[in-house]
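Some notes on the structure that comes next.
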Amino acid sequence: MPVSTSNTSPKVGFVSLGCPKALVDSERILTQLRVEGYDLVPSYDAADVVVVNTCGFIDSAVAESLDAIGEAMAENGKVIVTGCLGKRADVIREAHPGVLSISGPQDYASVMQAVHAAVPPAHDPFVDLLPDYGLKLTPKHYAYLKISEGCNHRCSFCIIPSMRGDLASRPVDEVLREAERLVKGGVRELLVVSQDTSAYGVDLRYAEREWRGTPRATRMKALCEGLSELGAWTRLHYVYPYPHVDDVIPLMAEGKLLPYLDVPFQHASPRILKLMKRPGAVDRTLERIQRWRAMCPELTIRSTFIVGFPGETDAEFEALLGFLDEAQLDRVGAFPYSPVEGAAANALPDPVPEALKQERLARFMQRQAAISAARLEAKVGTVQRCIVDAIDGELAIARSTADAPEIDGVVQVQDGLAAGLVPGQFVDVEILGSDEHDLYGETAA
Ligand code: SF4
């Protein structure tokens, strides 16, 4: 429960689980609670009611969410559940029949209604202590910017569309106004999130809206151009390799957008990708990566993969390793395939035995670790622009343009304290060393 203030208002505890998209939902609910004068407290004891924002994407997340609800029930007893797992109310009710209310993701109105019923708001029409950029759970200098909800794809391993519905983009002027407020409130880095950033605006037929006196299309490139006018770092997540992604790479080369793409490739075998029902022209991936790098040599590519998908043969797995060698991705996460309740992939034949999945995962990670380490080592001797996240003893913990918060590595600045660095500050760092994940250096002269 990360947020605390103190006054005599009714008190709400808040537990936020799940992905960056769920974090954005939490921020919206917390903002609304503060607008209505609720006090947000960091302990179960002090809370009149507890809201748990859950994740339900994979089975381990379901278990974590149910545990969190159980803990809140045991410690406080008045619990409101929201978020992805809320779509599976029966699972929650079975485990915790006493919860006050259950709602799904983005259902802010239901959460607020349940809070009002449990603890009426204090009668204080003048409670408005809120800065107009809202309340954020992330450190003050970076913020997630959610540009759409839902997804039009139907990847066979994923149940997000059944939980969150089809793609619903936010009009471009609305997103840009929110980004502008965030930057005015001190945010130095905007992290664009959605389920499918490349598809942004297709549901709105790329509708034009006005922002800063100029018409702008609700479309990825126009959004990125607008964001680049704000003077903060902008980082794109969940970008599928559609041809029009090529349009934003020049913005990266020009320094308007961070040269960073988070592209969840998931596999390299065309047959497995077909079984996964993945979007994008999967057979052209390597060509596309080469074109992007030719346009913007500084580009960092992060991706995620699933190993041991049902039916994955030894040859297909070897092809995946071959892809890693050729693609030379900078950052890679991998998961052994794990069936998600309700996902179409569960019905596919030839599941890969658990031990083999683990063996493939280990081989995959080993192969990629060497690639990531070599790519980081190539930066030794260069100077990298970084943003400081924290001061830890003598060190400043910073990130370069190649590092997204929470998921990538960091740059440890050895003389961070001595140089007087503070969180949120940009600094040039001379890179002196590297390992598989992180870089080490000191402030550049
Ligand atoms: S693109 Fe696929 S994996 Fe991503 S949210 Fe949509 S259906 Fe799920």
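The model shown is predicted, which means the values in this text are computed figures rather than measured ones. When a ligand or atom number is given, it counts from 1 through the structure's own listing order.
- At least one heavy atom of R278 sits under 4.0 Å from some atom of ligand 1.
- Heavy-atom proximity to C155, at under 4.0 Å, picks out these atoms of ligand 1: 1 (S), 2 (Fe), 3 (S), 7 (S).
- Between R399 and D408 there is no salt bridge, since no side-chain nitrogen of the basic residue lies less than 4.0 Å from a carboxylate oxygen of the acidic one.
- Taking backbone and side-chain atoms together, H153 has no N/O/S atom less than 2.8 Å away from atom 2 (Fe) of ligand 1.
- With sequence neighbours excluded, no residue satisfies ring-ring contact (aromatic ring centres under 6.0 Å, His included) with F335.
- Using a 4.0 Å cut-off between a side-chain N of Lys or Arg and a carboxylate O of Asp or Glu, E359 and R363 do not qualify as a salt bridge.
- Counting heavy atoms under 4.0 Å from ligand 1, residue P161 touches it through the side chain alone.
- Side-chain atoms of S110 and S103 include no donor-acceptor pair closer than 3.5 Å.
- Ligand-side atoms of ligand 1 in range of Y240: 1 (S), 4 (Fe), range being under 4.0 angstrom from any heavy atom.
- Each of D262, D403, D438 was checked for a salt bridge (Lys or Arg N to Asp or Glu O under 4.0 Å) with R331, and the lone residue meeting it is D403.
- Taking a 4.0 Å cut-off on heavy atoms, Y238 fails to register as neighbouring ligand 1.
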